[in-house]
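For reference, the structure discussed in these notes is given below.
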2 protein chains.
Amino acid sequence: MSMDFGFDMITEDEYQRQRALYEPLTEAVRRLIYASLHTDVGADAAAEARTKIEAVTALLETEQRASVPLVHENTGRPLAWANPAVGLRNAIAPPMVIHHEDDGSCWSEFTLSGAYEGPPGWVHGGICALVLDHLLGEAASEGLTQPKFTGTISLRYLRGTPLGPLRAEAFVERTEGVKTFARGYLKDADGATVEAEGVFIRPAWARDAG
Amino acid sequence: MSMDFGFDMITEDEYQRQRALYEPLTEAVRRLIYASLHTDVGADAAAEARTKIEAVTALLETEQRASVPLVHENTGRPLAWANPAVGLRNAIAPPMVIHHEDDGSCWSEFTLSGAYEGPPGWVHGGICALVLDHLLGEAASEGLTQPKFTGTISLRYLRGTPLGPLRAEAFVERTEGVKTFARGYLKDADGATVEAEGVFIRPAWARDAG
């Protein structure tokens with residue numbers, strides 16, 4: 001197995017230019033996901049919608065970029081624009097915007113719509129797992145600047161997580177050799193709904209690189 | 001907390017009619033998610049794409065259904081059309097199509113595109129968790145026919161999961177009172193990449209209902 005962690009550095013100006021271009025586009029796709037999930041239009045309108053979506057897809061495919069990770073030159077952090085949890089350019093992502101504190105902890109406040117629903121009215125348990133796996137990974141990898149892979153993650157569901165505004169938090173408990181132990185919570189306005197513990201591992205190929 | 005598990009029963013004919021209408025629409029949205037994630041078009045084309053997407057969203061919003069769960073009258077199983085793991089109508093879902101065996105186990109074969117990428121070339125660990133949480137839940141709840149909520153789930157990442165064709169499997173190990181213990185695996189062509197163990201709980205409100 002080969003892993004390519006090559007990347008392109010981008011400036012703050014270029015970051016802002018691309019963000020202004022693509023963030024509203026991704027937001028429009030998110031709203032389309034939700035509208036298509038709940039639409040009750042008939043066959044003609046559904047076919048018309050499909051044809052128009054395919055035309056937009058063709059337009060966007062006229063120029064495609066190589067999927068080289070971008071790293072911001074000011075922060076040294078990957079943008080992770082394609083990431084399904086935090087990706088500014090991935091309509092699958094809520095997206096989570098991650099805030100890193102000086103003590104190494106991180107948090108995010110975001111809203112989960114009905115597109116993330118499992119049991120009626122509640123967030124799908126696997127989406128809670130996605131959100132927490134990502135946030136614990138951010139804490140363990142110092143904002144994705146260190147190559148760390150999830151070794152194990154355990155989630156304890158304390159009660160249902162309602163759709164709507166949520167907060168997630170994560171921090172590193174300790175590090176032992178190549179293992180980093182992280183913990184985190186998903187919370188609604190009344191407190192924790194899911195607790196997570198994860199062990200993240202520094203891969204062998206990165207150990208000599210320091 | 002109130003939970004409404006009311007549902008509408010639909011016939012096989014109506015299922016096929018709605019599926020023919022909405023499955024291709026959702027597939028078109030999935031391709032759009034991918035194209036918008038990787039596009040390198042300039043400001044004019046991006047603005048044009050956004051305007052056209054917003055027009056399709058408005059068209060689909062002209063008729064919206066109430067989000068009442070649908071249950072197929074032949075199988076007695078919820079369609080889970082809006083589900084972010086298996087939803088035929090949710091463009092966030094790969095989607096997984098779940099096969100239930102007579103012995104209670106279940107499996108699914110599906111393909112994860114770059115829209116589910118974490119580290120370059122690999123499936124996001126949280127997406128592996130979403131897939132396995134869902135499949136273990138299917139096994140524990142007899143195809144979502146029993147109300148069961150995830151109590152805990154633990155995932156062990158054996159190695160990286162490559163993007164592309166994958167298989168997931170799950171089965172019930174044992175049941176003790178209100179707890180059902182399930183196990184499952186995510187696999188590529190070379191075998192297991194992630195192992196999962198979950199405890200699923202029959203909620204108090206459903207215990208008397210038998």
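All values below come from the heavy atoms of this structure, side chains included, with hydrogens, waters and symmetry mates left out. So that the names make sense, note that chain A is the first sequence line, chain B the second, and so on, each numbered from 1.
Between chain A and the options B/L37, B/L21, B/L25, B/V56, heavy-atom pairs under 4.5 Å are most frequent for B/L37. Chain B forms more heavy-atom pairs under 4.5 Å with one residue of A/A196, A/P162, A/G151 than with any other, namely A/G151. Put simply, of B/T51, B/V199, B/I153, the one with the most heavy-atom pairs under 4.5 Å next to chain A is B/I153. The greatest number of non-hydrogen atom pairs below 4.5 Å with chain B, out of A/A93, A/A43, A/G121, A/A47, is found for A/A43. With chain B as the partner, the residue from A/R89, A/E117, A/R156, A/E48 showing the most heavy-atom pairs under 4.5 Å is A/R89. Counting heavy-atom pairs closer than 4.5 Å to chain B, the top residue among A/A58, A/P78, A/A49 is A/A49. Most heavy-atom pairs under 4.5 Å with chain B, from the set A/G198, A/A115, A/A85: that is A/A115. Of the listed residues (B/G125, B/G118, B/A45, B/A129), the one with the most heavy-atom contacts under 4.5 Å to chain A is B/G125. Counting heavy-atom pairs closer than 4.5 Å to chain B, the top-ranked of the candidates A/D133, A/D40, A/T150, A/L59 is A/D40.
Ring geometry for B/Y15 versus B/H72: interplanar angle over 60°, hence perpendicular rather than tilted (30 to 60°).
Residues B/I33 and A/I33 form a side-chain contact, since some pair of their non-hydrogen atoms from C-beta on lies under 4.5 Å apart. Under the 4.5 Å side-chain criterion, counting only non-hydrogen atoms from C-beta, B/L132 is in contact with B/L155. Residues B/L130 and B/Y116 fail the side-chain proximity criterion, which asks for heavy atoms closer than 4.5 Å. When side chains are defined from C-beta on, A/F149 counts as touching B/P119, because their heavy atoms get closer than 4.5 Å. In this structure, A/T180 and A/K148 have side chains that are in contact, with non-hydrogen atoms separated by less than 4.5 Å.
Contact annotation for A/H124: only side-chain heavy atoms (C-beta onward) come within less than 4.5 Å of a heavy atom of chain B. Looking at A/S36, the atoms closer than 4.5 Å to chain B (heavy atoms on both sides) sit in the backbone and in the side chain alike. Residue A/Q64 touches chain B through both its backbone and its side chain, counting heavy-atom pairs closer than 4.5 Å.
Heavy-atom neighbours of chain A within the stretch residues 184-195 of chain B, taken at a separation under 4.5 angstrom, are nonexistent.
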So B/I98 and B/H134, side-chain contact (heavy atoms from CB on, under 4.5 Å) or not? Walk me through it. CA-CA 10 Å; B/I98 313 291; B/H134 188 88; 4.3 Å; yes
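Salt-bridge formation is not detected for the pair A/K179/A/E176: no Lys NZ or Arg NE/NH1/NH2 atom is positioned less than 4.0 Å from an Asp or Glu carboxylate oxygen. Salt bridge present: A/R167 and A/E169 bring a charged side-chain N and a carboxylate O closer than 4.0 Å. A salt bridge does not link B/E142 to B/R77: none of the charged nitrogens lies less than 4.0 Å from a carboxylate oxygen.
Annotation for A/A35 and B/E61: closest pair CB-CG, 3.9 Å, computed over non-hydrogen atoms. Pairing each heavy atom of A/L136 with each of A/A170, the nearest pair is CD1-CB, 3.8 Å.
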